Amino acid sequence: MPDISFWFQDLLAGNAIFTAQTIGYYWDGLVTTTQLVFLSLVIGLVLAVPLAIGRSSGRRWISLPIYLYTYVFRGTPLLIQLYIIYYGVVFFDGIQETFLWPMLREAFYPALIAFTLNTAAYTTEIFRGAIKATARGEIEAARAYGMSDSLMMRRIILPSAFRRALPAYGNEVIFMLHASAIASVVTLMDLTGAARFIYARYYAPFEAFLFVAAIYLCLTFAILYFFRWLEKRLLAHLRPQN
């Protein structure tokens, strides 16, 4: 069996732009983009669940600070948030002498912090609306069984809220994927950064950016397919039965 690397090089032979080296740049950018989006979504989701519960609380000293956090991060552009975190972290006194500096001086981690805080704010409001939409009959039935508030939240409210929030959360995942294109402005070599590098090297904007657009399009369709499959699994009881 011939070596696949030689076959790949023969396929790209004679092409001035899409060479094995430039495809490697795109691959590294795809890995960086995937890692950044995946980690920010996972950490943001973990943060959003308790924040949504607190946001739904009737105690203002709990819900008000969370409301201010979501208001600020939903009301300001993600690019501005990224700039503030990336360039503003050096103004904290003594930060360069701490153990955090080796991570914060790399572009990936400030971008991860900005994306995590942004998606956590949006996801908090998505889940807060889903929690508020819980049917009163479900809550009364849970109380009739003698469930405590924490047990009712864990077994009744959160599972049903997650199913209701799934379509809106799918849109948030796609939004974060598209928003990750701004990470290249802080020297992070993601997909868009790879396209900008290849454009600057070969002066071929259409080929470079159209190829990246095709990659984003494929990722978007994959996410849409996954969430539609998940909705069919989790909302199967709502479909009409024969």
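Nothing here was measured: the structure is a model prediction, and the numbers come from that model.
Listed by chain and residue number, Q21, Y25, F197 satisfy the side-chain contact (heavy atoms from CB on, under 4.5 Å) test with R201 (two or more places apart in sequence, or in another chain). For R128, the salt bridge (Lys or Arg N to Asp or Glu O under 4.0 Å) criterion is met by no residue, not counting sequence neighbours. By the side-chain hydrogen bond (donor to acceptor under 3.5 Å, both in side chains) test, S56 pairs with no residue at all, sequence neighbours left out. S40 is linked by a side-chain hydrogen bond (donor to acceptor under 3.5 Å, both in side chains) to nothing, counting only residues two or more places apart in sequence or in another chain. Residues that satisfy the side-chain hydrogen bond (donor to acceptor under 3.5 Å, both in side chains) test with E172, not counting sequence neighbours, are T119. The side-chain hydrogen bond (donor to acceptor under 3.5 Å, both in side chains) search around T134 returns R164, not counting sequence neighbours.
Placement of V46 and F127 in two distinct hydrophobic clusters is found when ILVMFWY residues are connected by side-chain heavy-atom separations under 4.5 Å, directly or transitively. L210 and I23 are assigned to two separate hydrophobic clusters, defined by single-linkage of ILVMFWY side chains at heavy-atom distances under 4.5 Å. Linking ILVMFWY residues whenever their side-chain heavy atoms come closer than 4.5 Å, directly or via other members, places L151 and M153 in the same cluster. With hydrophobic clusters built from ILVMFWY side chains whose heavy atoms lie under 4.5 angstrom apart, Y122 does not share a cluster with L78. Residues W229 and I223 are members of one and the same hydrophobic cluster, defined by side-chain heavy-atom contacts under 4.5 angstrom among Ile, Leu, Val, Met, Phe, Trp and Tyr.
Interatomic distance, L230 CG to Y225 OH, rounded to the nearest 0.5 Å: 12.0 Å. Here the straight-line distance linking atom CG of L112 with atom CG of L82 works out to 11.0 Å at 0.5 Å rounding. We find the CG-OG1 distance between N118 and T70 to be 11.5 Å, quoted to the nearest 0.5 Å. Rounding to the nearest 0.5 Å gives a distance of 12.5 Å between CG of L166 and CZ of R233. Rounded to the nearest 0.5 Å, atoms OG1 (T33) and CE (M176) are 11.5 Å apart. Atom NZ of K132 and atom CD1 of I157 lie 10.0 Å apart (nearest 0.5 Å).
The shortest distance between side-chain heavy atoms of Y69 and L51 falls below 4.5 Å. A 4.5 Å side-chain heavy-atom check between Q81 and L117 finds every atom pair outside the cut-off. Contact of the L158 side chain with the I131 side chain is registered, since non-hydrogen atoms from C-beta on lie closer than 4.5 Å. Taking the side chain as every heavy atom from C-beta outward, Q35 and V31 approach each other to under 4.5 Å. Looking at L188 and L36, their side chains come closer than 4.5 Å, going by heavy atoms from C-beta outward. Between F115 and I85, every side-chain heavy-atom pair lies at or beyond the 4.5 Å cut-off. Taking the side chain as every heavy atom from C-beta outward, D28 and M189 never approach each other to under 4.5 Å.
With a 6.0 Å radius and a threshold of 12 heavy atoms from other residues, nucleotides or ligands, R74 has its CZ atom above the threshold. Atom CZ of F108 has more than 12 heavy atoms from other residues, nucleotides or ligands within 6.0 Å. The environment of F175 atom CZ is dense: over 12 non-hydrogen atoms of other residues, nucleotides or ligands sit within 6.0 angstrom.
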Given the rule in the side-chain contact (heavy atoms from CB on, under 4.5 Å) test, do Y169 and F227 qualify, once you have shown the distances and angles that lead to the verdict? CA-CA 9 Å; Y169 185 68; F227 274 93; 4.0 Å; yes
side-chain contact (heavy atoms from CB on, under 4.5 Å) for L79 and V185? Distances and angles first, verdict last. CA-CA 9 Å; L79 180 60; V185 301; 3.7 Å; yes
Please evaluate residues Y216 and T192 with respect to the criterion side-chain contact (heavy atoms from CB on, under 4.5 Å), reporting the C-alpha separation (whole Å), side-chain torsions for both, the decisive distance (0.1 Å), and the verdict. CA-CA 10 Å; Y216 278 115; T192 307; 3.2 Å; yes
Check the pair T123, L41 against side-chain contact (heavy atoms from CB on, under 4.5 Å), reporting the backbone distance first and the verdict last. CA-CA 9 Å; T123 308; L41 287 171; 5.9 Å; no
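Looking at every heavy atom in both residues, Y203 comes nearest to A200 through CZ-O, 3.9 Å. Nearest heavy atom pair, residue D190 against residue S184, reads OD1-CB, 3.3 Å. Here the shortest heavy-atom pairing between A142 and I156 reads CB-CG1, 4.0 Å.
Put simply, the side chain of Y26 gets close to the backbone of A208: a donor and an acceptor are under 3.5 Å apart.
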